[in-house]
Undergrad: 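Quick one: the structure is below, questions incoming.
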Amino acid sequence: MEPTKQWHVSCRDVAGRRRDMSVFVNQENVVLIAPPGETAVLSPLEVGRLRAALRDAIVQAASLE
């Protein structure tokens with residue numbers, strides 16, 4: 001079994017403070033963790049990084065089926 005990978009994507013909350021979103025695989029599911037109690041605000045570059053992290057997580061989750 002492959003070790004679980006975790007991806008981190010930088011973002012900001014609505015007050016402009018730096019935060020992180022996390023993406024990981026739990027069994028065959030992709031899990032997205034946003035800043036606790038916050039809204040994540042992503043720049044176009046950060047959205048691209050989130051998309052890449054989600055794509056990689058989906059590939060890993062599919063390999064666990």
Side-chain angles (χ1 to χ4, degrees):
M1 184 173 174
E2 219 180 293
T4 300
K5 294 180 184 176
Q6 189 166 352
W7 299 266
H8 298 280
V9 178
S10 296
C11 63
R12 295 192 179 271
D13 64 15
V14 292
R17 297 174 293 218
R18 302 239 5 112
R19 297 288 189 243
D20 280 322
M21 296 177 74
S22 298
V23 178
F24 68 94
V25 175
N26 181 9
Q27 297 177 358
E28 298 158 0
N29 299 306
V30 175
V31 180
L32 175 64
I33 301 175
E38 300 284 349
T39 299
V41 179
L42 292 92
S43 69
L45 179 61
E46 292 163 341
V47 169
R49 289 181 178 146
L50 176 59
R51 180 179 179 262
L54 289 169
R55 182 193 62 233
D56 292 346
I58 290 166
V59 168
Q60 183 180 0
S63 73
L64 297 175
E65 292 180 352

Undergrad: What residues form a side chain to side chain donor-acceptor pair (under 3.5 Å) with Glu46, not counting sequence neighbours?
TA: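 With neighbours one apart ignored, the set is Ser43.
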Undergrad: Apply the hydrophobic cluster definition, ILVMFWY joined by side-chain contacts under 4.5 Å directly or through others, and give me every member besides Val14.
TA: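 In the cluster with Val14 are Val41.
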Undergrad: Can you list everything that forms a side-chain contact (heavy atoms from CB on, under 4.5 Å) with Arg55? Sequence neighbours excluded, please.
TA: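 So Arg55 forms a side-chain contact (heavy atoms from CB on, under 4.5 Å) with Arg51, Ala52.
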Undergrad: To the closest 0.5 Å, what do you measure between CD1 (Ile58) and CG (Leu54)?
TA: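 Here the rounded value is 6.0 Å.
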Undergrad: Listed by chain and number, what are the side-chain contact (heavy atoms from CB on, under 4.5 Å) partners of Arg19, not counting sequence neighbours?
TA: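 If we apply the side-chain contact (heavy atoms from CB on, under 4.5 Å) test to Arg19, skipping adjacent residues, the hits are Cys11, Asp13, Arg17, Pro35, Glu38.
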Undergrad: Quick one: list whatever passes side chain to side chain donor-acceptor pair (under 3.5 Å) with Ser22, sequence neighbours left out.
TA: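 Ser22 satisfies side chain to side chain donor-acceptor pair (under 3.5 Å) with His8 once adjacent residues are dropped.
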Undergrad: Go through the structure and list residues passing side-chain contact (heavy atoms from CB on, under 4.5 Å) with Val31, not counting sequence neighbours.
TA: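 With sequence neighbours excluded, Val31 shows a side-chain contact (heavy atoms from CB on, under 4.5 Å) to Phe24, Asn26, Ile33, given in chain and number order.
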Undergrad: Would you say that Gln27 contacts Leu64 through its side chain, given a criterion of any heavy-atom pair below 4.5 Å between the two side chains?
TA: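 They are not in contact (no side-chain heavy atoms under 4.5 Å apart), so the answer is no.
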Undergrad: Sequence neighbours excluded, which residues qualify as side-chain contact (heavy atoms from CB on, under 4.5 Å) partners of Ala57?
TA: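 side-chain contact (heavy atoms from CB on, under 4.5 Å) list for Ala57, sorted by chain: Trp7, Val23, Val25, Val30.
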